[in-house]
Amino acid sequence: MSPERLTAPGAGGLGASGRLDLSAHQLSEGDFDALAAGADDVAVVRRLAASERSHRRVVLRALLDRMADRPDIAGPLAPLDEAWELLVRAEATDLRAAAVVDYPLTGVWAMLLLRRLHGVRYDDVPLWVEAGGLHLLAVAAAVRAGLTFELTVPMRRGTVVMPTLGLARLPHRDPWEVAELSVAGDDVRVAGGLGEATVRVAHLRASRSSSRDTPSGFWVPAAAIGAAHDGARIDVVLDDVDPYRHVVSSTLPAPIGGAEVGRWEAVLDSGWQLLVRDHPTQAQAITATLRVIVPTMRAPRFMAGSATSGDAFGAALISEPTDPAELAATLVHELQHAKLGALQHLVDLTDVDRADRCYAPWRQDPRPASGLLQGIYAFFGVTGFWRVRRQVTNGVAAALAHFEFALWRAAVDCALTELRARPELTALGHRFLQGVATTLDGWLTEPVPSGPRRFARAAGIDHHAGWRLHHLVAEPGAVAELVAVWVAGHAAPPGVVLTRPALVGDPAVRGLESRALLIRHLLGDPAAVASWRDGGDVGDQVRGAVPSDLEWLVGDAAGAAAGFERILEDEDADDPHAWAGLGLVAFDLGDHAAARALARVPELVRALSRELALPGLRPGRLEVARWLGAAL
Amino acid sequence: MPAVESKIESPLADLTTTSLADLRVCDDARLRNAVTRLVGRIASLDNQFGYDRRR
């Protein structure tokens with residue numbers, strides 16, 4: 001991998017033959033192994049970030065080639081060549097103007113459009129509007145370069161978003177219209193739809209801050225926030241306007257108000273202080289990667305949402321955090337995705353995914369191998385984060401940190417085993433996971449206090465059992481054979497018990513984390529959880545939770561078992577949440593054979609119980625589980 | 001004498017100093033291969049250079 005370059009683009013020169021004699025990026029084995037081990041060496045991360053400049057240009061070239069096959073793609077806009085030439089002129093005038101090309105969300109636009117042109121994505125937005133993203137890049141670059149120009153650009157429901165600058169709004173007639181954008185002297189004029197407006201160029205280059213009220217009027221500048229602590233500074237754009245900020249599909253701008261920007265500023269400040277103080281190497285690495293936060297709605301406590309796209313190195317979607325530690329954990333999580341995304345642009349860790357999917361302990365849905373790899377690396381970072389937090393905090397914060405550490409180290413360990421058996425993993429992929437495993441192995445032996453450790457074990461088993469109950473179907477032949485063996489009064493044959501079930505995938509899966517969320521609430525605020533027991537529906541506090549979960553949580557295993565049995569008897573004999581809960585209470589009641597079966601083959605216990613519910617037979621659910629568990 | 005550090009060569013062409021003007025017309029094999037690799041990945045169902053979310 002090349003070091004960061006300060007050379008002017010084009011310094012090498014292009015021969016008449018179109019040959020540049022490009023070199024390849026190279027990655028030292030030391031850098032590769034450091035990334036795998038989770039070392040967070042900022043110099044390595046900076047080299048990764050520099051290589052993203054090349055990746056973005058490959059994406060752009062692929063897009064230009066594909067668009068060249070569609071001469072009509074710009075529709076009513078100026079031809080693509082005109083937009084491209086303006087972009088080239090902007091770069092030639094001022095190198096910094098090309099920052100629009102490297103802006104994280106530009107990558108999402110380019111890749112979504114490329115996927116659309118390859119027929120693997122559909123969007124309601126007309127193709128010419130999406131292709132006009134090139135025109136918007138060009139005008140943004142030209143404004144930054146101080147050029148005089150005019151160009152037509154697409155307008156989405158009266159909005160024109162210029163990457164890195166902000167949003168122009170005009171009254172509109174139709175959803176998709178053409179606007180004319182021109183710059184002469186110090187004025188930028190936008191005309192389209194039912195109106196036109198002029199704004200000073202200097203105003204376009206200014207940033208929005210928390211001192212402003214809810215954005216209104218023609219021009220909404222990009223929102224910028226920052227924080228500094230102990231000499232370490234981070235500055236990010238809060239991008240609430242880019243049509244591609246939601247990563248998987250396009251959307252309209254939704255500028256947040258000054259109060260919300262202020263809340264982000266405050267939590268970034270305190271979260272940054274925590275990171276710099278307690279996690280300085282991660283903080284440094286974050287400054288080398290993160291440039292854009294796409295703010296999303298605040299989520300309930302312990303339910304923070306975030307996302308990263310490999311197409312948008314340097315950007316992360318993050319729900320408004322409830323506290324500094326949550327933001328810090330999220331930033332570390334997304335840092336991992338960013339590093340791995342950039343690394344995968346450099347080398348192949350997996351081949352193209354096969355159709356079959358695998359279990360990921362942090363997801364409700366079955367995942368492809370490449371997705372599992374992303375999760376492993378993200379939660380590997382998260383595990384390291386909580387490993388530090390449990391050393392620097394005390395009281396309830398430490399109890400939560402112990403729980404998170406124990407939960408995620410086991411989850412990463414489990415996923416590593418699964419992924420290392422997959423054929424998609426390349427030789428480099430195996431080497432990478434070996435690096436992760438070596439670091440993790442050291443963490444797996446570290447002691448954790450019994451309370452959080454017990455809860456972490458239960459949460460891991462619960463999630464896995466719930467996932468199987470939602471997504472796996474026991475093999476009918478095996479179930480029929482086991483019915484016959486049961487009726488004959490013999491022991492369950494292990495070979496039949498372990499018959500591979502079918503992965504069917506339940507698109508309606510939900511609530512796999514509800515008991516883990518209750519655990520977090522209990523560890524973080526026991527009084528609140530006690531109040532949930534006394535009144536109201538616990539499902540109002542944690543979606544998917546039931547009163548029996550609270551009984552289990554406080555150690556009333558017999559009461560919880562009766563509650564889960566009641567659900568299965570009276571409400572839904574297949575309810576995955578109740579079946580998984582039954583496994584947890586079986587363990588607490590010392591019924592280890594039943595607990596083992598409900599942890600490892602819960603879908604088989606359920607299927608067999610259903611088949612044995614015959615007149616005169618109808619064994620208890622735990623009895624069936626115990627019988628199967630004896631074979632495991 | 002310090003040992004020579006082993007390198008892993010990437011299929012990604014180094015375009016860090018390539019101008020946008022040159023990018024569009026460049027006919028270098030490394031760039032062509034990098035484009036082919038990209039398209040091969042994004043055209044798959046899962047868009048392996050794509051996206052991951054938490055909750």
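Order of the sequence lines fixes the chain letters, A, B, ..., with proteins taken first and strands second; residue numbering starts at 1 for each chain. Worth knowing before you read on, the calculation uses all heavy atoms, side chains too, and leaves out hydrogens, waters and symmetry mates. Quick caveat: nothing in here was measured; it's all calculated off a predicted structure.
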Which of B/Leu12, B/Asp22, B/Leu15 passes side chain to side chain contact (heavy atoms under 4.5 Å, CB included) with A/Arg57? It is B/Leu15
Indicate the atoms forming the closest heavy-atom contact of B/Ala13 with A/Ser54, along with that distance.
O-CB, 3.3 Å
Taking side chain as everything from C-beta outward and backbone as N, CA, C, O, which of these in B/Arg24 sits under 4.5 Å from a heavy atom of chain A? Side chain, backbone, both or neither.
both
Using side-chain heavy atoms (C-beta onward) and a distance below 4.5 Å, is B/Asp14 in contact with A/Leu22?
no
Closest contact, heavy atoms only, A/Glu91 versus B/Leu20:
OE1-N, 2.9 Å
Taking it one step at a time, do B/Leu38 and A/His345 satisfy side-chain contact (heavy atoms from CB on, under 4.5 Å)?
CA-CA 9 Å; B/Leu38 172 79; A/His345 293 157; over 6 Å; no
If you take all heavy atoms of B/Arg37 and A/Gln344, which pair is closest and at what distance?
NH2-O, 2.9 Å
To the nearest 0.5 Å, what is the distance between CD1 on B/Ile8 and CZ on A/Arg431?
5.0 Å
Counting only non-hydrogen atoms closer than 4.5 Å, does A/Val101 touch chain B with its backbone (N, CA, C, O), its side chain (CB onward), both, or neither?
side chain
Do A/Thr350 and B/Arg41 have side-chain heavy atoms sitting under 4.5 Å apart?
yes
Measure the spacing between OG of B/Ser10 and CG of A/Asp348 and express it to the nearest 0.5 Å.
8.5 Å
Is it the side chain or the backbone of A/Leu87 that comes within 4.5 Å of chain B heavy atoms, both, or neither?
both
Write down the atom of B/Thr16, the atom of A/Arg53, and the distance for their closest heavy-atom approach.
O-NE, 2.8 Å
